[in-house]
Amino acid sequence: MTEKKILLNDAYSLKTPEDSISLYKKWAPTYDRDFAKSSNYISPLKITDFFLKNCQIFDTPILDVGAGTGLIGEYLNKKKDKKIIGIDISSEMLSEAELKNCYSSLLKVDITKKIPLRNNSIGAVVSAGTFTHGHVGPQAFDELLRITKPKGLFVVSIKKEIFIKEGFKEKLLSIKNDITLPELNIFNIYGKNNDKKKENDKAYAVIFRKK
Ligand SMILES: C[S@@+](CC[C@H](N)C(=O)[O-])C[C@H]1O[C@@H](n2cnc3c(N)ncnc32)[C@H](O)[C@@H]1O
């Protein structure tokens, strides 16, 4: 019997971290080919570009939040000269990321809970596709700020439709004394592809530094 193909709507209908674990367990082996390549998913590439335009030599180590199969690592660490830690709730997605040999470590972490990393230990936070429908909400920024060094850089994608609706704008306002003024860059999540509906899918690359 053939398995039903996983669609983007399945990912957008998730409600709890347990739902993510179960969906991404099934999706991990085919995610790169059946989703990322076939839909021309370019968020990881965009976040990498924004990171490279804004980063300084001291922005290390880099934490990839919701690293998944490691698409950011693949783009960002082509020369294998960066220290990137990947965290994700799905061990199956992390196993795919490991095959890419771009991460210095990969940790199974639920970022809606306490993150098992020291205060002020991370030089930069990057993330693509994790702050989206049914995945991770704005509360995760408290823990991410705790583990980031003063002056640490954040370059994270937040799906446009949920930016206000799910409280990301409000969260950024509530932490405004702890961060520089966030820069919001809108971008298309997908490049040219056959699915017209996806053409309007947009996210913000939200860029700021911890004070
Ligand atoms: C759409 S994928 C994006 C993966 C990768 N960043 C990319 O752009 O291809 C979302 C990822 O978020 C992870 N995720 C969902 N909820 C999470 C949580 N509570 N803590 C950590 N990771 C989570 C999923 O396991 C999945 O790998």
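Sequential numbering from 1 along the given sequence is applied to the chain's residues.
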Atom [atom1] of residue position [X] - does it have more than 12 heavy atoms of other residues, nucleotides or ligands inside 6.0 Å?
X	atom1	value
Lys176	NZ	no
Asn119	CG	yes
Lys202	NZ	yes
Lys80	NZ	yes
Lys82	NZ	yes
Glu170	CD	no

Membership question, hydrophobic clusters at under 4.5 Å side-chain separation (ILVMFWY): are [Y] and [X] in the same one?
X	Y	value
Tyr75	Ile42	no
Val136	Val125	yes
Ile164	Leu173	no
Ile147	Ile179	yes

Could you check whether any side-chain heavy atom of [X] comes within less than 4.5 Å of a side-chain heavy atom of [Y], counting everything from C-beta outward?
X	Y	answer
Leu52	Leu76	yes
Val109	Pro116	yes
Lys114	Arg146	yes
Leu153	Gln56	no
Tyr41	Ile189	yes
Arg209	Asp59	yes
Ser157	Phe50	no
Phe154	Leu145	yes

How close do Asp88 and Ala67 get, counting heavy atoms only, and between which atoms?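 Answer, listing the atom of Asp88 first, then Ala67: OD2-N, 3.4 Å.
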Tell me the closest heavy-atom pair linking Gly86 and Leu94, and the distance in Å.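 So the minimum-distance heavy-atom pair works out to O-CD2, 4.3 Å.
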Can you tell me how far apart [atom1] ([X]) and [atom2] ([Y]) are? Round to the nearest 0.5 Å.
X	Y	atom1	atom2	value
Ile72	Asn77	CD1	CG	12.0 Å
Tyr204	Asn185	OH	CG	10.5 Å
Asp19	Tyr24	CG	OH	11.0 Å
Lys108	Glu92	NZ	CD	7.0 Å

Side-chain donor-acceptor pair under 3.5 Å between Lys198 and Asn40, yes or no?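 The answer is no; no qualifying pair exists.
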Between the side chain of [X] and the main-chain N/O of [Y], is any donor-acceptor distance below 3.5 Å?
X	Y	answer
Asn188	Tyr190	no
Thr60	Gly123	no
Lys100	Thr69	yes
Asn193	Gly191	yes

Identify, with sequence neighbours excluded, every residue that meets side-chain contact (heavy atoms from CB on, under 4.5 Å) alongside Ser127.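 For Ser127 the side-chain contact (heavy atoms from CB on, under 4.5 Å) partners, ignoring immediate neighbours, are Val65, Thr130, Phe131, Val156.
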May I ask you to decide if the ring planes of Phe168 and Phe141 are parallel, tilted or perpendicular, using 30° and 60° as cut-offs?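 Correct class here is perpendicular.
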Once the angle between the rings of Tyr31 and Trp27 is folded into 0 to 90°, is it parallel (under 30°), tilted (30 to 60°) or perpendicular (over 60°)?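 Rings of Tyr31 and Trp27: perpendicular, over 60°.
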Among Thr180, Asp178, Thr148, Asn120, whose side chain to side chain donor-acceptor pair (under 3.5 Å) with Lys210 holds?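 Testing Lys210 for a side chain to side chain donor-acceptor pair (under 3.5 Å) against Thr180, Asp178, Thr148, Asn120 leaves exactly one candidate, Asn120.
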